[in-house]
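Worksheet: one structure, shown below.
First the proteins, then the strands, lettered A, B, ... as listed; each starts at 1.
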Amino acid sequence: MGIRFILMVNKQGQTRLAQYYEYLTLEERRALEGEIVRKCLARNEQQCSFVEHRNYKIVYRRYASLFFLVGVDNEENELAILEFIHLLVETMDRHFGNVCELDIMFHLEKAHFMLEEMVMNGCIVETSKANILSPIQLMDKAS
Amino acid sequence: MEQLKTIGRELAMSSQGGFGQSKEFLDLIKSIGETRSKAEEDRIVLREIDTLKARLSSPNTPKFKLKEYLMRLIYVEMLGHDASFGYIHAVKMTHDESLSLKRTGYLAVTLFLNEDHDLIILIVNTIQKDLKSDNYLVVCAALNAVCRLINEETIPAVLPQVVELLGHQKEAVRKKAVMALHRFYQRSPGSVSHLISNFRKRLCDNDPGVMAASLCPLFDLIVIDVNSYKDLTVSFVNILKQVAERRLPKSYDYHQMPAPFIQIKLLKILSLLGNGDKKSSEQMYTILGDIIRKCDSDSNIGNAVLYECICCVSSIHPNPKLLESAADTISKFLKSDSHNLKYLGIDALGRLIRISPEIAEQHQLAVIDCLEDPDDTLKRKTFDLLYKMTKSSNVEVIVDRMIDYMISINDHHYKTEIASRCVELAEQFAPSNQWFIQTMNKVFEHAGDLVNPKVAHNLMRLIAEGFGEDDDTADSQLRSSAVESYLRIIGEPKLPSNFLQVICWVLGEYGTADGKYSASYITGKLCDATEAHSTDDTVKAYAVTALMKIYSFEIAAGRKVDMLPECQSLIEELLASSSTDLQQRAYELQAVICLDARAVENIMPMDANCEDIEIDKNLSFLDAYVQESLEKGAQPYIPEDVRSGLSNISNFRSQDHESSTHALRFEAYELPKPSVPSKVPSVLSSSAELVPITQPSYVAEVHQPASSALTVSSSGSSELKLRLEGVQKKWGRPAFSSTTPSPSSSDTFGSNNGTTQHESISSTKSKVHNVSYDSRKQQTEVSSEKKKLAASLFGGASKSDRKQSYSGQKVSKTNSHASDKSIIAEATSSSDTAAVRPTSQPPPDLLDLGEQTVTSSAPSVDPFKQLEGLLNLTQDTTNLSSSGVSMPDAPDLMSIYADMSSSSQSTTVAPPPNVTKAHLAKQPSKGSNVQEFLEKDALVRQVGVTPSGQNPNLFKDLLD
């Protein structure tokens, strides 16, 4: 299992989206998110986009006020995960148009639906934006 | 600007509010978004929880409202609060007809519940129904839920439908069905073992999405069993070729790269298939070369694919051309300004040096830059690399660096890792004992609580055994320097327990050995240490034993023992300790210092911890005595099993003392009838509450003829003897590189190897010392400092540079290389160690890793396995002797016992009572002394008084 969790956290350390691919209790999640965000916020632009934390490797990328953090295990290609984050953002951008933190907050379920298409069982399964977005568009039409 | 956008969005949202989201929802999200502190956020969420509880419990909430409440519940949990009160509503919503409500319901359920939650059972039915739906989006939603919620027990409920869906006409459904099956495989491989061929089938699916999905399960399968999938190599290569030639739909392109994520997955699979397989690897060379050539190295994603190619190239059977282009790519990475690329470069370098060690040299300055970078991630990656390229010529520099870094960080997880790496490297490559001890001291001082306790035992053994060469002066110098350094360190506050134990042991054994320090000085230091760590019983036990040794050595040397007042008070405190172990040690100490010099010398021989203990299993030294008794008319000894009519000899010898006590021991005790009449049997059986166990042990020891100093072990049962033999074998042979004993290659070049290793170490010794000295001196010259470091790490940087600074060491350097090489030759010729080695091994260069295999195979016996065996046994005996008085912290204390009894012959380990009895049985007519003692003992037990221990008469009696 490559991807262990995907988080979106803003500069203030508030969680905006959290998807775990392995079970953690509420307390564990809360502690983990706090520690990771503190670690990533302390880093500057020049430094690597990868951080080791406990037995995870965190790949993170910042977009304006929002951090995208992906926890992976040791075998994963870090740079590819970094680009996967960008693919996710591009996909959301295509759907929302100039995506921003508030879009994700107001349409949290849609952000999750996109992730459900892209990642299953901790693996990247879909990388075509058209395929990712078509179920969501169909659902929008239906309702 | 951003604010304007936000306002615009809010306006747009509120206009939507009519049909999508309510004003209430918008306000909630807005207020959460505007909070500036966690406390404020918590207040909002807690208020929201109250609102939701009230709303959800009201019966006629409209459905679209429910969906919104569910999203609000998701928020509550996401922000770290418990929303379990609403879980059931999420479950209910999965039953809804509307797709959007159903999918939201499934989403909420997957976010809230783990697969073992009680509510899952309510969803399985819905999932089954939805998997049969005509609407493929409903089926997809259900399959998403299957991947998150179905556990091992519920797999059979949905498995038939999932398998059917593998052939669904919609590619989206097929893709998710593949992943559902993958998930079943992850949870319970057995449940889907008959369906694994489906993954192969889906690899040939018309839809690239389904094909890509099937790579995930296939990857997992290949990791486990590569040989069953070798036939697919051609298919994977073909697919990769098609992907690289842009045959996939444009929508898979990412930043002008054709389906890079699929390429990466395929490369991962190929590197598994080609690992150690020349034939498979050859099928991949062309496509790998093509991809490396075509990759756009200006984009991140291009570099990600390139990196994966390097990983693949370094994993499969080596191909010179590919290795060359991989090396080129690595230099590009390392020269880049981007830290991410440098990171990948360092990682890739670590992979490639296994095959072509020489490429590290050209990048040495880049590596040093990364090592000195303030970025922790990069630094750690570089330490990983250095760890992989450590050898005896650069171990000092690398380990010093690692320790400096270890001291500077607080992260326990990584500190543990780096500490154990330091220990491992030091044990494998230490150029000198001096250095090894200093290094271990540093590791212990700063991360003692994090390292494996075995490391402490290794260190003690090393100090005791010395280099293994017959050079006593060097050994005693080593010990003196260890003692000196420990006396310096012992005063520091907050030392890890592990380390203090080592210190106490060394000070006890060797503190007064060279006459530099007086006994009172050492004992004072020991007492201070116990005072400073008064809660640590293990340290106290070590300290008391150390005190006993020092006093014994004093007595044996004919000096008068002046016990310091603080020692006296310490011993008094321990006499009344609640730990029986500490008590016993204190009593033993008291008893020993009352004896005369001759006895003490036998009990506590100086520096005897390495001597082999020979055990006379038949107690032949007693033969004369027995003969004499028989002549005087004594009854001959009848073996116990014959006497009691029990034939279960095996039981008697079995280690399971539980059964043996019940079966045999009580029988044996009946022979000598003590004169204390009424209560004897009950005393024996109810002795659990009684403390006085120490006394019989003294007797047993001391009444042995003085000629045998090894009372404990010699009087032990045959079981005990066997154990000890094993231990000695281990300790006879000096080898401090015992971290990774590999059973496979042990016998082939056992002792021979040991000597070679020492040669190499000693020849490098002089040289490396100079190097480290040099590099320290150069710290002032900023410009050349890096080059120096590089040279010391990589062995030979630019030749001219080295000539200037290292001309003096050149000779010894080549020496060391020669010996390195000989070792490698030996390693390759005589050991087929488990490590997979490339067949076309390049000539051993500066970065050879061959040595690792050598050292790993040095010790043939794991000392700790045996120590454990010993430990179990001693535990048994002590438990017996302490008659079941509760032993706090047993394993630790026992390990001390093991240590004492085997290494220092301290004679104070209480022999099991049955040993005493055996003697009695053998000498039934020995006379009144024993009987007298037994009477006393029985009396004491009955009264329940702790024996004073200061009963010199008793010992005198028995000794004479």
Side-chain angles (χ1 to χ4, degrees), chain A residues 1 12-19 23 26-27 29-30 33 43 46-55 64-65 75 77-80 82-84 86-87 90 98 100-103 105-106 108-109 112-113 116-117 120-121 123-131 134-135 138-140 142-143, chain B residues 2 5-6 9 13 21 26 29 32-33 35-36 38 41 71 74-75 77-80 82 98-100 103-104 107 114-115 137 140 144 147 172 175-176 179 182-183 186 209 212-213 216 249 251-252 254 259-262 264 300-301 303-304 307-308 339-340 343-344 375 377-378 380 413-414:
Chain A
M1 190 151 93
Q12 284 82 44
Q14 296 163 310
T15 311
R16 291 294 169 246
L17 180 145
Q19 179 66 274
Y23 181 71
L26 208 56
E27 288 72 38
R29 293 177 183 200
R30 207 172 165 159
E33 285 166 29
R43 297 174 63 83
Q46 279 82 50
Q47 292 180 323
C48 287
S49 310
F50 324 125
V51 189
E52 273 176 45
H53 182 72
R54 299 200 214 157
N55 44 344
S65 61
E75 301 312 307
N77 181 331
E78 292 92 340
L79 200 58
L82 194 66
E83 287 309 286
F84 171 75
H86 194 67
L87 174 69
E90 281 183 2
N98 281 325
C100 72
E101 190 179 331
L102 272 175
D103 286 318
M105 291 182 75
F106 282 119
L108 187 62
E109 78 280 10
H112 270 294
F113 292 157
E116 279 183 343
E117 298 300 322
M120 291 179 88
N121 308 342
C123 302
I124 300 173
V125 286
E126 188 54 80
T127 50
S128 147
K129 292 186 195 98
N131 289 355
S134 81
L138 283 171
M139 219 160 56
D140 277 355
S143 63
Chain B
E2 204 175 304
K5 194 182 162 196
T6 314
R9 246 165 236 277
M13 299 293 173
Q21 292 150 322
L26 296 179
I29 301 303
I32 291 174
T35 53
R36 286 292 167 266
K38 189 71 195 152
E41 187 186 276
M71 290 317 294
I74 291 176
Y75 261 99
E77 273 224 348
M78 189 172 78
L79 297 173
D82 179 47
S98 144
L99 174 64
S100 126
R103 194 156 182 200
T104 309
L107 172 69
N114 70 322
E115 57 179 29
L137 289 174
C140 284
N144 279 337
C147 283
K175 178 174 71 190
K176 284 182 190 285
M179 293 315 282
H182 176 221
R183 158 79 177 194
Q186 285 178 333
C216 303
S251 70
Y252 282 95
Y254 175 82
F261 296 97
I262 297 177
I264 287 169
N300 265 343
I301 193 67
N303 286 321
Y307 165 75
E308 204 60 55
H339 272 60
N340 288 344
Y343 174 93
L344 292 187
D375 184 350
T377 311
L378 203 52
R380 288 182 190 188
H413 187 81
Y414 194 68

Any residue meeting salt bridge (Lys or Arg N to Asp or Glu O under 4.0 Å) with A:Arg43, in chain and number order, not counting sequence neighbours: B:Asp375
Partners passing side-chain hydrogen bond (donor to acceptor under 3.5 Å, both in side chains) against B:Glu308 (at least two apart in sequence or in another chain): A:Asn77
Exam field: side chain B:His413 to backbone A:Arg54, donor-acceptor pair closer than 3.5 Å: yes
For chain B, the option from A:Leu82, A:Leu108, A:Asp140, A:Asn131 that forms the most heavy-atom pairs under 4.5 Å: A:Leu108
Chain A contact via B:Leu107 - side chain, backbone, both or neither, heavy atoms under 4.5 Å: both
Atom group of B:Ile29 that falls short of 4.5 Å from chain A, counting heavy atoms: both
Side chain, backbone, both or neither of B:Ser98 within contact of chain A (heavy atoms, under 4.5 Å): neither
Part of A:Glu101 lying under 4.5 Å from any heavy atom of chain B: neither
Choice from B:Ala213, B:Ala172, B:Cys216 maximising heavy atom contacts with chain A below 4.5 Å: B:Cys216
Nearest non-hydrogen partners of B:Met78 and A:Ala18, listed with the distance: SD-N, 3.8 Å
Which portion of B:Met179 sits near chain A, non-hydrogen atoms under 4.5 angstrom: both
Donor-acceptor contact present, side-chain B:Tyr75 to main-chain A:Met105, <3.5 Å: yes
Ring geometry between B:Tyr343 and A:Phe50 (parallel below 30°, tilted from 30 to 60°, perpendicular above 60°): tilted
Spacing of CD1 belonging to A:Ile124 relative to CD1 belonging to B:Ile264, to within rounding of 0.5 Å: 8.0 Å
Options A:Glu33, A:Lys129, A:Arg29, A:Gln19, ranked by heavy-atom pairs under 4.5 Å with chain B, top entry: A:Gln19
Interatomic distance, B:Lys38 atom NZ to A:Gln12 atom CD [nearest 0.5 angstrom]: 12.0 Å
Chain A contacts, top residue of B:Arg380, B:Lys176, B:Arg183 (heavy-atom pairs, under 4.5 Å): B:Lys176
B:Tyr254 and A:Glu83: side chain donor to acceptor below 3.5 Å: yes
From B:Glu41 atom CD to A:Gln14 atom CD, the distance as rounded to the nearest 0.5 Å: 5.0 Å
A:Glu90 atom CD, over 12 foreign heavy atoms within 6.0 Å: yes
Which atom of B:Ala304 lies closest to which atom of A:Leu79, heavy atoms considered: N-CD2, 3.5 Å
Per-residue contact mode, B:Leu344 against chain A (heavy atom under 4.5 angstrom): side chain
Region of A:His86 in contact with chain B, defined by heavy-atom distances below 4.5 Å: both
Gap separating the CE atom of A:Met139 from the CZ atom of B:Arg103, nearest 0.5 angstrom: 5.0 Å
Any side-chain heavy-atom pair of B:Thr104 and A:Phe113 under 4.5 Å: yes
CD1 on B:Ile32 to CZ on A:Arg16, rounded to 0.5 Å: 7.0 Å
Test log, rule side chain to side chain contact (heavy atoms under 4.5 Å, CB included), inputs A:Cys123 and B:His182: CA-CA 10 Å; A:Cys123 302; B:His182 176 221; 3.8 Å; yes
Test log, rule side chain to side chain contact (heavy atoms under 4.5 Å, CB included), inputs A:Glu117 and B:Cys140: CA-CA 10 Å; A:Glu117 298 300 322; B:Cys140 284; 5.6 Å; no
Pairing of A:Arg30 and B:Glu77 as salt bridge, 4.0 angstrom limit: no
Proximity breakdown for A:Ala142 and chain B, heavy-atom pairs closer than 4.5 Å: neither
Heavy-atom pairs under 4.5 Å with chain B, option from A:Gln46, A:Glu27, A:His53 with the top count: A:Gln46
Between B:Ser251, B:Ala259, B:Gly33, the one whose heavy-atom pairs under 4.5 Å with chain A are most numerous: B:Ser251
Nearest atoms (heavy-atom pairs only) where B:Gly209 meets A:Glu126: CA-OE1, 4.2 Å
Top contributor to chain B contacts, counting heavy-atom pairs under 4.5 Å, from A:Pro135, A:Ala130, A:Ser49: A:Ser49
Approximate separation, where rounding is to 0.5 Å, of B:Asn340 CG and A:Gln47 CD: 10.5 Å
